[in-house]
Amino acid sequence: MKHLLSTGDLTRDDAIRILDTAAQMAATQSREIKKLPTLRGRTVVNLFFEDSTRTRTSFHMAAKGLGASVLNWTHTGSSVSKGETLLDTARNIEATGPVAIVMRHRSSGAPHLVAKHVKCAVINAGDGTHEHPSQALLDAFTLRQRWGALDGRTVLIVGDVLHSRVARSNLHCLKALGARVVMCGPPTLMPPGLESLGAEVTHNLDAALPHADAVMCLRIQLERQGQAFLPSTREYARLFGLNVAREERMKAGAVVMHPGPINRGVELAPSVADGDRSVILEQVSNGVAVRRAILEVCTA
Ligand code: NCD
């Protein structure tokens, strides 16, 4: 595998190879010497045209953990403000000789375009409302750690599916790994065609909740909403927010997930986000091992 652009391109075997490699990477964290020399003397560029906390930090740590040097490029302070095109920026960055470009962009398809024009590996760290494959893989890793395998498990994805690259990548990845995926949200925030991609769709959270092994809450992406998709966030929280009363109706052992950043009190009550079922910080920790595995597999 040279690039990681979409989980839609991954077979079950590809996904399992990355997840197995990530398990080996996670095991190195209990050793005295945690770094591996795989990318020693090489450079990984984080090319982020959009803000990020978890993804950029963990790709940085993942590359460092493989012995690489890391260049963290952000659009602010760059020649993007002078009108440089995406391809010119990417080609100029590539001319400095990185082994991989990890890229986030507000336009869907931007990493796919760059991958066609550069020789190094391109890893999609989130493109517009399209895909976020490394997030889906770290989510699958977190569930696999709990369950061993995902076959036959039900994952309920709740919220702003329309604008969520996390939801799309998770749908492909979870289906490839044998899980049942149920998507739930207000009709205005559910894109058409989810069923044809293998999801079940419902607008009734309370009916779906007791059947889920994992509930993945999505952030309401107010920055991507040009028009009014919701009467108010308070109304959204009442109908689709995971609050304490709803958490009590979840299956024994079922977990609560969120890719972050959380709108506390909107899609997730603070006490649920920080409660016993929450694996949200495990997701973040696992991100480093999974992104190490992705870098290793894509640069092998
Ligand atoms: C997500 C993203 O940027 O797509 N966050 C992340 O990478 N952990 C989800 C979001 O912004 O809501």
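Both ligands and their constituent atoms are indexed starting at 1 by order of listing.
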Tabulating one pair per line, provide the atom names and distances (0.1 Å) for every N/O atom of ligand 1 that is less than 3.5 Å from a protein N/O atom.
unit_1: ligand 1; atom_1: 3 (O); unit_2: R104; atom_2: NH1; d: 3.3
unit_1: ligand 1; atom_1: 3 (O); unit_2: R104; atom_2: NH2; d: 3.3
unit_1: ligand 1; atom_1: 3 (O); unit_2: R165; atom_2: NH2; d: 2.9
unit_1: ligand 1; atom_1: 4 (O); unit_2: R165; atom_2: NE; d: 2.6
unit_1: ligand 1; atom_1: 4 (O); unit_2: R165; atom_2: NH2; d: 3.3
unit_1: ligand 1; atom_1: 5 (N); unit_2: G260; atom_2: O; d: 2.8
unit_1: ligand 1; atom_1: 7 (O); unit_2: T55; atom_2: OG1; d: 3.0
unit_1: ligand 1; atom_1: 7 (O); unit_2: R104; atom_2: NH2; d: 3.0
unit_1: ligand 1; atom_1: 7 (O); unit_2: H132; atom_2: NE2; d: 2.7
unit_1: ligand 1; atom_1: 8 (N); unit_2: Q135; atom_2: OE1; d: 3.3
unit_1: ligand 1; atom_1: 8 (N); unit_2: P259; atom_2: O; d: 2.8
unit_1: ligand 1; atom_1: 8 (N); unit_2: G260; atom_2: O; d: 3.4
unit_1: ligand 1; atom_1: 11 (O); unit_2: R219; atom_2: NE; d: 3.4
unit_1: ligand 1; atom_1: 11 (O); unit_2: R219; atom_2: NH2; d: 3.0
unit_1: ligand 1; atom_1: 12 (O); unit_2: R219; atom_2: NE; d: 2.7
unit_1: ligand 1; atom_1: 12 (O); unit_2: R219; atom_2: NH2; d: 3.4
unit_1: ligand 1; atom_1: 12 (O); unit_2: Q221; atom_2: NE2; d: 3.1

Do [X] and [Y] come within less than 4.5 Å of each other through their side chains, counting heavy atoms only?
X    : Y    : result
V255 : M216 : no
N46  : H60  : yes
L143 : L174 : yes

Next on the checklist: Is it the case that atom CZ in R91 sees more than 12 heavy atoms from other parts of the structure closer than 6.0 Å?
Outcome noted: yes
Item to check | Lys/Arg-Asp/Glu bridge criterion (N-O < 4.0 Å) met for E200, R180 | outcome: yes
Checklist entry - When you check the gap from the basic side-chain N to the acidic O, do D127 and R165 get nearer than 4.0 Å? => result no
